[in-house]
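See below for the structure under consideration.
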Amino acid sequence: MDKIWLKSYPPGVPAEIDPDQYRSLVHLLEESFQKYANRNAYVCMDKFMTYAELDKLSRQLGAWLQSRGLKKGARVAVMMPNVLQYPVSIAAILRAGYTVVNVNPLYTPRELEHQLNDSGAEAIIILENFATTLEQVLPRTKVKHIVVANMGEMLGGLKGAIVNFVVRNVKKLVPAFSLPNALRFKSVLGQGAGMKLTPVELKSSDVAFLQYTGGTTGVSKGATLTHRNIVANLLQIDAWAAPALAKAPQVDPLTIICALPLYHIFALTACAMWGTHAGALNVLVPNPRDIGGFIKELRKYKFNMFPAVNTLYNALVNHPEFASVDFSGLKICNGGGMAVQQAVNDKWLKATGVPILEAYGLSETSPLATGNRGDGREFTGTIGLPVCSTEIAILDDDGNEVPLGQPGEIAIRGPQVMAGYWNRPDETAKVMTPDGYFKSGDVGIMDANGYVKIVDRKKDMVLVSGFNVYPNEVEGVVASHPGVLECACIGVPDEHSGEAVKVFVVRKDPNLTTETLMAFCKDNLTGYKKPKYIEFRDELPKTNVGKILRRALRDEGDNKKAA
């Protein structure tokens, strides 16, 4: 395509950014530490941390890591929820010249062992709540250095002691563990205070993060994200957010709600890294699944940016206390990770006055690749336009571009696209084209104005009597019924049509019946798209980010057939 999307850019948004503006991500972070030293960088459970404190603590931890004799580029794993130790750890690892390996803290021993061994991690910083998982796999890994953090230690004095007592003894969230060679996070900071952090000469091509992905689609692979990849994406976010942030009244510093987990690429880049670059305050939410507690936290701040996934937006707008939150400072709501549903956006817009601007990207793209205009006031139902310095091609199965308006695989080229999968040249070759495009596995359509609409994941598509049915469309219709809280659509085997559509539904109205919902679908979906089966559930399986796992629902069916 001839970059047709550029004509749809908001005024003032550049076609290109300069990803070489910073030598490395460390150069960018240290600039912010100096520039915003007196500002608050993070707050968690009412404890604030300034940029100066983040600078000091990450120097101490970085110096301690260097004292372990780790070579430049060594992989250091971080296995924690959103607590203050997380941003300190990320900055320390990068400043010491190492690579961050983000680990989902709810991983099973099998998943953790795979990721530690695949990445070759030699050190890990872990919250004590999950240390028992590490204990089970440690002898079969290369990990030599273990730092154990706890929920209360950064909160100070009596409050920290009370939090630890409640977490350990009341809620019993810390299973017994034995890691004899482990050191405590605060002890390590103390040791590092007497050491000097040696500056490391980093190149833009050095690896900043190994971001593991694909665990729900097969063996988890590490997307190799360089310093240049992340810097590029931060500058792309800068340019893309500018129209929204320029609207009166202008706010500085910004307050970002960081409820998505920092081990996930969405929050890592959009909240932690971009927030630091912008001198913003990130409000860390360790457990956003406690919607009542989350809303209490939201009431404390006049926040400006709220990145989230559809399921979190949905849970919030359906909570009776949601209306008590002050939205007067809200400027940008970004939806990503999964499709944002029109019904959810409409409720959110009515309650807050701010639309959910859907954006799109993957771990492999750092993540932002496309986004709706920052000055947009309406829900478009698309993932927006390719962002600055980014090209999107829509390809057929042979790798050729399809005509405008025709569905094909979304392929992405730009400075934010990963260097490849860690130690997996075979897997990298499957997704990278000879001319540098990353094939996403998502099926999309581009219109004449450059807007891209996802019609679905290739593998999620349901084939009914030769007709393609895209689960996102079915889910969008079912979710718009006032009696439905959330839903998921999959294909199930059918002797007549090859596959049939099945929808799993969590009810908002306990009196909603199959017959009522079937009639609603008949009115809103053509025959072959209409669900043949509806199953009511109390809840749907989800990732920790809140993304509904269609695959888990399909696998349940496979297990039943096998039995």
Side-chain angles (χ1 to χ4, degrees), residues 75-83 86 89-90 93 99-149 173-179 182 207 209-225 260-268 286-289 309 337-338 362-364 367 418 421-424 426-427 441 457 459 539-556 558-559:
R75 275 77 63 206
V76 180
V78 181
M79 188 171 177
M80 289 187 276
N82 290 5
V83 290
Y86 212 131
S89 299
I90 292 172
I93 295 163
T99 297
V100 178
V101 181
N102 285 307
V103 181
N104 180 337
L106 297 184
Y107 263 173
T108 62
R110 180 190 63 79
E111 292 164 324
L112 176 60
E113 183 178 343
H114 165 74
Q115 190 163 326
L116 292 176
N117 285 331
D118 190 78
S119 64
E122 296 177 61
I124 186 169
I125 304 168
I126 186 169
L127 194 73
E128 64 179 7
N129 304 41
F130 313 104
T132 182
T133 311
L134 177 62
E135 181 191 348
Q136 293 172 62
V137 305
L138 188 63
R140 299 187 297 279
T141 72
K142 295 177 183 171
V143 173
K144 305 184 206 60
H145 312 288
I146 304 165
V147 180
V148 178
L173 295 174
V174 185
F177 66 91
S178 173
L179 295 168
V207 183
F209 294 96
L210 289 186
Q211 201 65 27
Y212 277 75
T213 182
T216 57
T217 55
V219 178
S220 189
K221 305 175 286 288
T224 304
L225 301 178
L260 295 170
L262 286 170
Y263 61 80
H264 189 273
I265 191 65
F266 189 178
L268 177 73
N287 180 22
R289 291 185 177 208
V309 293
M338 64 186 294
L362 308 96
S363 296
E364 293 91 339
M418 66 171 182
Y421 291 119
W422 181 253
N423 290 337
R424 295 282 173 88
D426 54 332
E427 292 291 335
R457 288 289 299 171
K459 61 183 175 299
E539 59 182 12
L540 298 175
K542 293 173 188 160
T543 67
N544 287 346
V545 187
K547 195 172 174 179
I548 292 169
L549 285 168
R550 292 182 187 137
R551 183 187 176 90
L553 294 167
R554 280 199 299 271
D555 288 349
E556 281 178 24
D558 291 341
N559 292 336

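When reading the values below, keep in mind they use all heavy atoms of this one structure, side chains included, and skip hydrogens, waters and symmetry mates. If you read the sequence from its start, that first residue is 1, and numbering goes on from there.
In this structure, CZ on Arg424 lies 7.5 Å from NZ on Lys221, to the nearest 0.5 angstrom. Between the CG atom in Leu127 and the OH atom in Tyr86 there is a gap of 11.5 Å [rounded to 0.5 Å]. For the atom pair CG (Asn102) and CG (Leu262), the distance works out to 8.0 Å, reported to the nearest 0.5 Å. With rounding to the nearest 0.5 angstrom, the CG atom of Leu134 is 7.0 Å from the CG atom of Leu116. One finds the CD1 atom of Ile125 at 3.5 Å from the OG atom of Ser89 (value rounded to the nearest 0.5 Å). Here the CG atom belonging to Leu106 is positioned 6.0 Å from the OH atom belonging to Tyr263, to the nearest 0.5 angstrom.
Around atom NZ of Lys542, more than 12 heavy atoms belonging to other residues, nucleotides or ligands sit under 6.0 Å away.
Closest approach of Pro81 and Pro105 over heavy atoms only: N-CG, 4.0 Å. Considering all non-hydrogen atoms of both residues, Val100 and Ile90 come closest at CG2-O, 4.1 Å. In plain terms, the two heavy atoms of Met80 and Ile126 that are nearest each other are CG-C, 4.1 Å. A pairwise comparison of heavy atoms in Pro367 and Phe266 identifies CG-CA, 4.2 Å as the closest pair. Nearest approach of Leu179 to Glu135, heavy atoms of both residues: CD2-CA, 3.8 Å. Contact between Leu225 and Gln211 at its shortest, heavy atoms only, is CD1-CB, 4.0 Å.
Put simply, the side chain of Gln136 never gets that close to the backbone of Arg110: no donor and acceptor are under 3.5 Å apart. With His264 contributing its side chain and Val545 its backbone, the two residues share no donor-acceptor pair below 3.5 Å. Under the 3.5 Å distance criterion, the side-chain polar atoms of Arg75 are left unmatched by any main-chain donor or acceptor of Thr99. Judged by distance alone, the side chain of Asn82 and the main-chain N or O of Leu260 form a donor-acceptor pair under 3.5 Å.
With 3.5 Å as the limit, one finds a donor-acceptor pair spanning the side chains of Tyr421 and Glu364. There is a side-chain donor-acceptor pair under 3.5 Å between Asp118 and Tyr212.
A 4.5 Å side-chain heavy-atom check between Val101 and Val78 finds every atom pair outside the cut-off. Side-chain contact between Leu549 and Thr543 is present, with heavy atoms from C-beta onward closer than 4.5 Å. In this structure, the side chains of Asn544 and Arg289 come closer than 4.5 Å at one or more pairs of heavy atoms.
Looking at Lys144 and Glu122, a side-chain N of the basic residue comes within less than 4.0 Å of a carboxylate O on the acidic one, giving a salt bridge.
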Please walk me through it: do Val148 and Phe177 pass side-chain contact (heavy atoms from CB on, under 4.5 Å)? CA-CA 11 Å; Val148 178; Phe177 66 91; 4.2 Å; yes

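The side chain to side chain donor-acceptor pair (under 3.5 Å) check on Thr108 picks up Glu111, with sequence neighbours excluded. In this structure, Asn117 has no side chain to side chain donor-acceptor pair (under 3.5 Å) partners at least two apart in sequence or on a different chain.
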